[in-house]
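Accompanying notes for the structure given below.
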Amino acid sequence: MVGVLNGILQMIEEGATHLGVATDHVIDHSVTTSGLVIKTGKGIERVLRAQFRPLEEALASMGVVCGRWLSWSR
């Protein structure tokens, strides 16, 4: 988590105007019969999952917008 925050801070300090950070709350997924992929998060280790919210909150405090990608269609 510290590495991500330091990297983002460095990019901002060096003048980056656009950047992206992706956290994947829900890694495992299933596919419905209509082709919609639904992410469930099943199987994420607790230690890893516990880092998502604090990281996103820290990023938000730096002005970085975080969004969640929950599903997509093929």
Side-chain angles (χ1 to χ4, degrees):
M1 189 168 100
V2 172
V4 173
L5 296 173
N6 284 334
I8 294 300
L9 182 58
Q10 180 179 354
M11 286 187 268
I12 292 170
E13 289 174 342
E14 292 175 355
T17 58
H18 297 78
L19 51 91
V21 177
T23 59
D24 201 344
H25 288 269
V26 284
I27 297 170
D28 291 343
H29 65 278
S30 61
V31 180
T32 65
T33 56
S34 64
L36 180 67
V37 177
I38 300 173
K39 293 186 162 199
T40 65
K42 180 182 175 184
I44 299 175
E45 294 180 25
R46 279 185 240 157
V47 173
L48 177 59
R49 182 186 298 272
Q51 296 177 44
F52 291 144
R53 187 168 308 276
L55 174 60
E56 290 177 345
E57 290 172 357
L59 290 167
S61 74
M62 295 168 65
V64 177
V65 177
C66 296
R68 294 183 180 176
W69 182 16
L70 299 177
S71 66
W72 78 90
S73 295
R74 291 186 200 200

Count I, L, V, M, F, W, Y as connected when their side-chain heavy atoms are under 4.5 Å apart, and connections chain through other members. Are Val2 and Leu59 then in the same cluster? no

Heavy-atom neighbours of Glu45 CD exceed 12 at 6.0 Å: no

Please round to the nearest 0.5 Å and tell me the distance separating atom CG of Leu9 and atom CE of Met62. 4.5 Å

Taking a hydrophobic cluster as the set of Ile, Leu, Val, Met, Phe, Trp and Tyr residues connected by side-chain heavy atoms closer than 4.5 Å, whether directly or through intermediates, do Met1 and Val47 fall within one such cluster? no

To the nearest 0.5 Å, what is the distance between CG on Asn6 and CE on Met11? 10.5 Å

